[in-house]
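Scroll down for the structure; my scribbles are underneath it.
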Amino acid sequence: MRPFSDQSVAARYASFSPGPREKLMDLRELAHTTAASISGAGPLVEALKWGQPSFAARAKPGSTFRLDEVRNGGGKYALYFLCQTTLVATFRELYPDHFEFEGNRAIIFEPQKKYESADIAHCMALALTYYRGKAPV
């Protein structure tokens, strides 16, 4: 497990329900791995925004995204994106049958469903490079 640099972020993960916590920790690791694979993105800055663990590339070429469990969601968890971006619309076009979406702000994950890490990493990479104006590596 990757160490936390911010203890408030660590405490937030500890507060998640056990089922979603494991999945959210996996997404956390995928976010760091994905950012490390993107030229010029630099390491991720991990903090709390709106009480949710958030990720932004230190080099700031992209948009922040956040992780959380879905309230009253029966174990569902989500990746949240800034609703002013076109990211979720892009994900809908690229992955219409892969994910459940919430408006223009989130990808919602079912607790028992298996997801392709490469598809999720691609969505994260698109967010982390959103303002570059070109596709990630």
Side-chain angles (χ1 to χ4, degrees):
M1 180 175 84
R2 184 179 303 268
F4 289 95
S5 59
D6 182 329
Q7 289 311 303
S8 66
V9 175
R12 181 64 180 114
Y13 279 96
S15 75
F16 290 134
S17 303
R21 179 186 313 128
E22 181 181 330
K23 302 290 188 176
L24 291 165
M25 290 295 289
D26 290 344
L27 288 177
R28 176 181 182 261
E29 185 61 32
L30 184 60
H32 284 282
T33 302
T34 299
S37 74
I38 298 170
S39 176
L44 282 182
V45 176
E46 196 173 4
L48 287 183
K49 290 195 181 207
W50 301 288
Q52 299 168 318
S54 71
F55 302 88
R58 188 172 305 279
K60 303 215 187 287
S63 181
T64 300
F65 60 89
R66 301 174 323 279
L67 302 174
D68 205 350
E69 59 187 324
V70 176
R71 289 185 200 146
N72 303 319
K76 291 182 181 182
Y77 54 102
L79 268 172
Y80 292 96
F81 302 89
L82 297 178
C83 60
Q84 299 90 349
T85 68
T86 59
L87 286 164
V88 174
T90 300
F91 305 154
R92 282 181 199 275
E93 288 178 23
L94 293 171
Y95 301 105
D97 301 321
H98 289 70
F99 302 120
E100 175 185 340
F101 300 98
E102 180 184 291
N104 60 348
R105 59 182 245 132
I107 298 173
I108 307 294
F109 299 100
E110 295 282 340
Q112 293 83 17
K113 190 172 177 184
K114 291 271 189 191
Y115 297 93
E116 291 294 327
S117 293
D119 296 345
I120 300 168
H122 184 224
C123 293
M124 289 176 172
L126 290 172
L128 292 169
T129 59
Y130 184 73
Y131 296 109
R132 280 190 183 172
K134 62 180 182 175
V137 176

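Source: prediction; values computed, not measured.
Ring planes of Tyr95 and His122: perpendicular class, angle over 60° (limits at 30 and 60°).
Sorted by first and then second residue, the salt bridge (Lys or Arg N to Asp or Glu O under 4.0 Å) pairs involving residues 110-127 (not counting sequence neighbours) are Lys76-Glu110.
Taken to the nearest 0.5 Å, the OG1 atom of Thr34 stands 9.5 Å off from the CD atom of Glu29. Atom-to-atom distance recorded for Thr86:OG1 and Arg92:CZ is 12.5 Å, nearest 0.5 angstrom. Here the straight-line distance linking atom CD1 of Ile38 with atom CG of Leu128 works out to 5.0 Å at 0.5 Å rounding.
Counting only heavy atoms from C-beta outward, the side chains of Phe55 and His32 approach each other to under 4.5 Å. Considering only heavy atoms from C-beta on, Phe65 stays 4.5 Å or farther from Ser54 through its side chain. In this structure, the side chains of Tyr131 and Thr85 come closer than 4.5 Å at one or more pairs of heavy atoms. Counting heavy atoms from C-beta on, the side chains of Ile108 and Tyr77 never come closer than 4.5 Å.
With Arg21 contributing its side chain and Phe16 its backbone, the two residues share a donor-acceptor pair below 3.5 Å. Without hydrogens or angle criteria, Thr33 side chain to Leu30 main chain gives no donor-acceptor distance under 3.5 Å. A donor-acceptor distance shorter than 3.5 angstrom exists from the side chain of Arg12 to the backbone of Gly51, with no hydrogens or angles considered.
Every side-chain hydrogen bond (donor to acceptor under 3.5 Å, both in side chains) that Glu69 has, sequence neighbours left out, goes to Ser17.
In terms of heavy-atom proximity, Leu44 sits nearest to Ala35 at CG-CB, 3.5 Å. Nearest heavy atoms, Ala78 versus Phe109: CA-CD1, 4.1 Å. Across all non-hydrogen atoms, the minimal contact from Gly75 to Pro20 is O-CG, 3.7 Å.
Put simply, Leu82 and Leu94 are part of two different groups of oily side chains (I, L, V, M, F, W, Y) that touch within less than 4.5 Å, one to the next. Cluster annotation: Tyr80 is not connected to Met25 through the hydrophobic network of ILVMFWY side chains, with a link wherever side-chain heavy atoms come within less than 4.5 Å.
Phe81 and Tyr130 have their aromatic ring centers separated by at least 6.0 angstrom.
Between the side chains of Thr129 and Arg132, no donor N or O sits under 3.5 Å from an acceptor N or O.
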Check against side-chain contact (heavy atoms from CB on, under 4.5 Å), Arg66 and Trp50: CA-CA 9 Å; Arg66 301 174 323 279; Trp50 301 288; 3.4 Å; yes
Derivation and outcome, side-chain contact (heavy atoms from CB on, under 4.5 Å), residues Arg28 and Glu46: CA-CA 9 Å; Arg28 176 181 182 261; Glu46 196 173 4; 2.6 Å; yes
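A side-chain contact (heavy atoms from CB on, under 4.5 Å) with Leu87 is found for one member of Leu79, Leu126, Ile107 and no other, namely Leu126.
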Please list every donor-acceptor pair under 3.5 Å in which a side-chain atom of residues 96-105 meets a protein atom from a residue at least two apart or in another chain.
unit_1 : atom_1 : unit_2 : atom_2 : d
Glu102 : OE2    : Arg105 : NE     : 2.7
Asn104 : ND2    : Cys83  : O      : 3.0

